[in-house]
Amino acid sequence: MSIRKKGYSHWEGQLKESAFVAWFPLTRLGIKLAFQKRFFKLFFFSAFLPALIFLAGIYVSERMEDFRFMIQGQPSFLQITPNYFKAYFTNSFFLFLLVLMMIFVGSGLIADDLKFKALQLYFARPLRKVDYLLGKMATLGFFLLLLSLIPGWIFVLFKLVFAGNFAFLRSYPWLPLAVVAYSLILTLFFAIYTLTLSALSSNSRHVALMIFGIYLASDIIFGIFYQNFHHPYLALLSLKLNLQQVGAALFGEKLFYPVPWGWSLLLLIMLMGLGLAILNRRIRSVEVVK
Amino acid sequence: MNPVVETKNLSKYYGNVLGLSDVSVEIHPGVVGLLGPNGAGKSTFLKLITGQLKPSLGQVYVFGQKIWNNPQLFADIGYCPETDAFFEDLSGWQFLTWMLQLHHFSACQAKEKANEILGFLHLAEDKDRLIRSYSRGMRQRLKIAQAIAHDPQLIILDEPLNGLDPLGRRKVIKYIRKMGEEGRTVIVSSHVLPEIEAMTKKIILIHQGKIFASGNIHYIRELIDSHPHIISIKCNQVRDLAAALIKAEEVIKVFFTPDPQEVQIETRQRDVFFDRLQKLILELDLNVEAITSPDDNLQAVFDYLIGEK
């Protein structure tokens, strides 16, 4: 080809290096779009009700004399021990709230990019596949940690404030770490679970059905088999029970079923590995025609 | 001088289907038209040079570096895909600022840049409307905006004028030429020849997954020996001129057109012919109105090379 000579100025700029937060704009947009969804704000604030109730429980436990007219004796559920934290983090309603949060926030995260063929725009920018996934995961992480880690720490903090001493922390110094560990397990699992399903379809409604359906179906299947065989290892079939088993173990409390909790953790890790493998395969800038 | 884009024996197969075969090409700064009929392999070529597809064979270098798995290079590349790729629930302005932030622009810089480019592409008034309500032309302009907003050195535009009205088309063509004059590299794909011709004389002609020709349109035409050049002369004494030309060795054919003041000749030796024509004009004292080459244009080159004529 001929070479332009007149008016040619060779490019001598510096290529930009990878920014630490290359994925952050994706996260910010994901959060913003979630709040634009109909009824999401209502759901979002309602999702903190269990946390508020448990927080009130901590207050009442420290002011038993003031509430004597309402409560007879010293009810076991108002004794603030790791079991109280287990009750919050592993109760079925709380886990169901997290699933609903994933449906609201996560069903369209990748599905919409597939629908609008937006991946080619992302990957025509200085953004790696891992940045893309981190950006999406951080969106889900933001909401999941708001419902798990933050209330967990607030419970610990307020217990100390209401008690006016550090006796609680001296008795259970590992508890804040257990809150962090279990919140991270919940966040990682639900984020990968949601993103994997979101990458399998370009229709966010189908994805929402899958998020809800698979979680529920695994529990129903467990119920059916357990009714007939009464074998505790069948608990491994249920996503919910696996999460509860790990939670109970981390808070040092009695397991829901007599199955080593390591099996549940291993199963969750394997599912996350499978999810990441699917994501790696599905996230590509252009559809390859076979 | 190092090329901005260089491919070496580049091939891409989709299973048994050939997308691109053994393409070696160098692209230097300026505007380059990537031409070819639908299904010729233009989009495959563009996706390979933007690192969106992995080559089956061969290599692609952009700014001297391998493009595959090298996202940092995209800081200086702007890509406008052929298909729409928008978040329909965002406004045009939100979309553009967000795209700029993915290029590591700060929120302030992104807003400033977005306003500037939306104004330039006549989208300022509609910038707060949701993209889902945009017309086809507006979507196309927004797609171009996201490709050029971060001021890249290499701009790759896949069918950028689709859906634009004549005014928008003219404006975009003018802008593309300006970017080329500034020393940037602009690769524009199209199957509409006049569009490319309006932007550049440098082309890469692609057909059936292969590069048929690359370079200046006129230079390529020179190289096509299988088709003699047609030259049309309009003057006051066409029959005297025809009589003189018919004796010339380099002239293969002389014929008249419905226009009584026009004669056309066919020759394989254009330079020899023009030397002779100059002398004849003086000898016969001709009053020449026009000398043109009807087949020295992109359409003719294209048709000859892909064998349609």
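Each chain gets a letter, A, B and so on, in the order the sequences are listed, and its residues count up from 1.
For chain A, the nearby parts of B/Gln146 are the backbone and the side chain; heavy atoms of each come within less than 4.5 Å. The parts of A/Leu26 that come within reach of chain B are both its backbone and its side chain, each placing non-hydrogen atoms under 4.5 angstrom from that chain. B/Phe86 touches chain A through its backbone: at least one of N, CA, C or O sits under 4.5 Å from a heavy atom, while the side chain does not. Of the two parts of B/Leu90, only the side chain, counted from C-beta on, holds a non-hydrogen atom closer than 4.5 Å to a non-hydrogen atom of chain A. B/Phe95 touches chain A through its side chain: at least one heavy atom from C-beta onward sits under 4.5 Å away, while N, CA, C and O do not.
Within the 4.5 Å cutoff, the side chain of A/Tyr122 has heavy atoms near those of the B/Leu102 side chain. Residues A/Asp113 and B/Phe87 are in side-chain contact: their nearest non-hydrogen atoms beyond the backbone lie under 4.5 Å apart. Using a 4.5 Å heavy-atom threshold, the side chains of A/Lys115 and B/Glu88 count as separate. At a threshold of 4.5 Å between non-hydrogen side-chain atoms, the residues B/His104 and A/Arg125 do not count as touching.
In A/Trp153, the CH2 atom is not crowded: 12 or fewer heavy atoms of neighbouring residues, nucleotides or ligands sit closer than 6.0 Å. At most 12 non-hydrogen atoms from other residues, nucleotides or ligands lie less than 6.0 angstrom from CZ of A/Phe93. For B/Arg129, the CZ atom counts as densely surrounded, since its 6.0 Å shell holds more than 12 non-hydrogen atoms of other residues, nucleotides or ligands. More than 12 heavy atoms of other residues, nucleotides or ligands sit less than 6.0 Å from atom NZ of A/Lys37. Sparse packing is recorded around NZ of B/Lys210, with 12 or fewer heavy atoms of other residues, nucleotides or ligands lying under 6.0 Å away.
Considering all non-hydrogen atoms of both residues, B/Tyr79 and A/Leu121 come closest at O-CD2, 4.4 Å.
Atom-to-atom distance recorded for B/Asp84:CG and A/Lys117:NZ is 8.5 Å, nearest 0.5 angstrom. In this structure, the separation between CD on B/Gln94 and CG on A/Leu33 is 8.0 Å, given to the nearest 0.5 Å.
Here the side chain of B/Trp98 pairs a donor or acceptor atom with the backbone of A/Pro25 at under 3.5 angstrom.
Using modelled atom types, one finds no donor on one side chain facing an acceptor on the other under 3.5 Å when comparing B/Thr50 with A/Gln120.
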